[in-house]
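I have placed the structure first, in the form of structure tokens, so that the comments after it can refer back to it.
What's counted below: heavy atoms across the whole structure, side chains too, no hydrogens, waters or symmetry copies. In the text below, chain A, chain B and the rest are named by the order of the sequence lines, each starting its count at 1.
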Amino acid sequence: MIEFQALTKAYGRLKAVDGLSLRVEPGEVYALLGPNGAGKTTALRCLASLLTPTSGTASVGGAAVYDDPLEVRRRIGFLSASMGLYDRLTPVELLSYFGRLHGVPDSDLERRVTELVRVFGIEEFSDQRCGTLSTGQRQRVSVARALVHDPPALILDEPTMGLDVLSGEVIYRFIEDERARGKAILFSTHQMAEVEFLADRVGVLSAGRLVAEGTSASLMVQTGQSSLARAFLALVGERT
Amino acid sequence: MTIAWVVFRKELQETLRDRRTLMMMVAVPVLLYPILMISAEQLTLMGLRQLESEPSVVGVSGPATDPAREFLGGFEEVTLREVSDASGAVRSDSVDAVALFAISPVADSTRTVTIVYDAANERSQRARALLARALGDWGDTLVAQRLSERGLPSGLAQPLSVADSSVALAEELGGYALGRFLPLLLILMTLLGTFYPAIDLAAGEKERGTLEALLTAPVPAQQIVVGKFLTVALIGVIAAALNLGSMLLTFQTGLFRFGDAFDIDFALPLGAVALIFVTLVPLAILFGSLFLGVALRSRSFKEAQNALTPIYLAVILPALLPVFPGIEFTVALAAVPVAGVGLFFRELMTGGPALLPSLVAVVTTLLWAWAALAFATVSFGREQVLFGEGDGRVESGSREIRAQVRAWLGPRGSTPQPIHALVFMLVVGAFFFYLGFPLQARLGETGLLLSEWMLLFTPAVLFVTLGGFNARATLSLRAPRSRQLGAAFLLIAGAMPLGWFLAWIQGFVIPVPWELLEGLDELLTAGSTPRLLWLLVIFAVTPALCEEFVFRGVLLGGTRASGSIMRAALLNGLVFGVFHVSFESVFRFLPTAWLGVVLAWAVLTTSSIWVGALMHFVNNGVIVLIASSPGLRAWFESGGEAPPWLLLPPAIVSMIVGVRLLRVSVRSDDSERSEGGASE
């Protein structure tokens, strides 16, 4: 479903992503783990066709980012780390707007928005402007926004950043639900706990390169460490 | 529902919830104008009344001034005071002004009186005016006395009594006064109206982190830009309309009483108001897209404000033009962005504006607006612009600019896009207009050669080579077949007389300045063979190369891919025609545009610029030959009469044959090539 093939994104001599290849199948949750500046966000932006790869390619369901960026965007739900919401719109207005942009037919739009409002517990603040919402409330609206067109693939850039445990829990539950519905989910993070908790497979990114890939358990075995955090440190430490 | 419309509706909804925009758009015009104008009026009137309620304190100084004191004492508005040091007394404010009398000369001569006053003090100014009037009256009385003592008639010393009477109606005076400042105000208000929404919708979106989410939607970036730009332009138009309405209402409801005091009626005809409003639309589009394009390149609200402020200031200068006296509404000024619209507004308010500059002002504003919108669209959707923070990389300023220019021009080895060709034409046109025409006027033939080679040929070659474009494809450098040259010759031989007929028809609308043409004839007349050859080099060879490289080269190369051959040829002719129009030579438009269309069609069909160059050379060469030979010239000089109708049938036949032969030669060329390809 989601595939990177030797994707490189360079800025002058600096390679932010260097020959990244990986696959995420439908119904699979893949965590991209890496320290700050490892190239996680750049890789996800290339996949979302927001950045043009310097070489190599990425595709979603067979549509390549360079050849058919609009088709790629139709097939993905992208949650950016910045959690961008329009402060002067209410959650319902915001969801309707993105629904229209994603081509959700007017006849289905209201039903879809109502459903998302219910699923993510947005009812109580659905008429408040986004600018007045708490961080947790904003994140719930953001996730609902990424799902408004019910895409087969989800790309989540640090989805739990800045959230408390309760709000984080909403996101975890949502990822599990979407996996059960057969979606391919690629998310970036640097929190070991959520990787162990959610990911079927994990790829460790360091200085733009994929230095290890497998299940959490296999990475621990590979590095001879007793926890994922130690395994991660060992892998990243080897590189630096 | 199109995406642009979806974006527009959302942006409008969000913008109308922004207090800052609402303040600028609604509160300022609706409340501030009436309040500001009325309080300014009241304060001024109050000051005037206060000034007039108190008598001016004046001093009289000098020998034998008793009669003067006696006369001035008769005025209620004057209080007399003794002074010894006139300047000191005025400076210390103990008196408002002093009449300083010189020594009394012999009888019946002129006595000098100097009024000492303080030009930087309003009370003193008023006292000076009072004294001047009173002393003037006294002088008249003295003259009358002298005349009557000698038994002479009182009119002897004043053979003329001059009075003036203005034919301007009260509303014309009002229009004149409004025309001086209202255009500036309207332009500034449109500007302000678009300023904040543009920043908010572009840089603001980046700052709040919403742009990334927006761009992951499966919609073309252009649609998003159009939606945003429609919002900005609409807000600009609404702001300007509210300003215009509020100001006119303030004047017309009688709240503002200055007009009554001076018998001025600040009213505008409804038609003028409607035209002003309609013209504000392209102006708002221009500002909206320009600001949006710049704001999109900024990372934050603050950065966008910094980037837009110089543009804001740059716009004020042309907007100020209508305020200055003596600035005429000419075609050249009408084409200057912002200034053209400002002058058009002024003319609308003061009376009927001339048609041609008005059209030029509106059309060029639309063209500038289109270019600005293209700029905004190009800005959007480029990753350097979207993630301006550059993921931590640092590039030197010049390298960044070079990279941006490269990105704008597209990959090396391609042909230019319409926007590249348009920007090139705008730049070349501006240089030619402001540098080339003056060069030709000052240096004559040398100036013509310089302007053609330096301002047309060289930029075209530099644009293609430095821009990294495929020169052969862009400039249509393919060598022509000899039969194509023959067909082209027939084509131009037919097109020239038809151009003559077109010029004659156009003469009914735009009169031809025959005196000017006679001057041109003298310039073209050759006395000897070497002179004739030289004239052919200047007027036929040079334009056939330089103008072809620009018009059938870069312009055609950039626009041919965007539509049908006919559309590209028509656009080419239009631009070619406009390019040849200067202050006095509007009459050249149609024949030149016609020539441009024919040349462009021939070059598009044959993919060879040399075909166009040959036709251009023949066209201009024939004109030089005719002008050089007195016999031929006499036959061709119609002086406004219709060209000989006998010319029409052979011209049409020649053109049709030329077109057919050219098409056939290209087709046979293609089939030869494909057969050759198949046999290889």
Evaluate the criterion side-chain contact (heavy atoms from CB on, under 4.5 Å) for residue pair L101(A) and I224(B); output intermediate values, then yes/no.
CA-CA 10 Å; L101(A) 286 183; I224(B) 300 177; 5.7 Å; no
Determine whether E212(B) and R45(A) make a side-chain contact, defined as any pair of heavy atoms from C-beta on separated by less than 4.5 Å.
yes
Can you measure from CG (L50(A)) to CG (L211(B)) and round to the nearest 0.5 angstrom?
8.5 Å
With a 4.5 Å heavy-atom cut-off, do L214(B) and Y86(A) have their side chains touching?
yes
Side chain from CB out, backbone as N, CA, C, O: work out which of these in Q223(B) comes under 4.5 Å of a heavy atom of chain A, or both, or neither.
neither
Once rounded to the nearest 0.5 Å, what's the spacing between atom CZ of R100(A) and atom OG1 of T2(B)?
12.0 Å
Quick one: which residues of residues 87-97 of chain A reach chain B at under 4.5 angstrom, heavy atoms only?
D87(A), R88(A), L89(A), T90(A), E93(A), Y97(A)
Heavy-atom closest pair (H102(A) atom, A217(B) atom, distance to 0.1 Å) is NE2-CA, 3.6 Å
Quick check: are there more than 12 heavy atoms from other residues, nucleotides or ligands sitting under 6.0 Å from OH of Y172(A)?
yes
By residue number, those in residues 70-80 of chain A with heavy atoms under 4.5 Å from heavy atoms of chain B are L70(A), R73(A), R74(A), F78(A), S80(A)
Taking atom CD of E123(A) as the centre, does the number of heavy atoms from other residues, nucleotides or ligands within less than 6.0 Å exceed 12?
yes
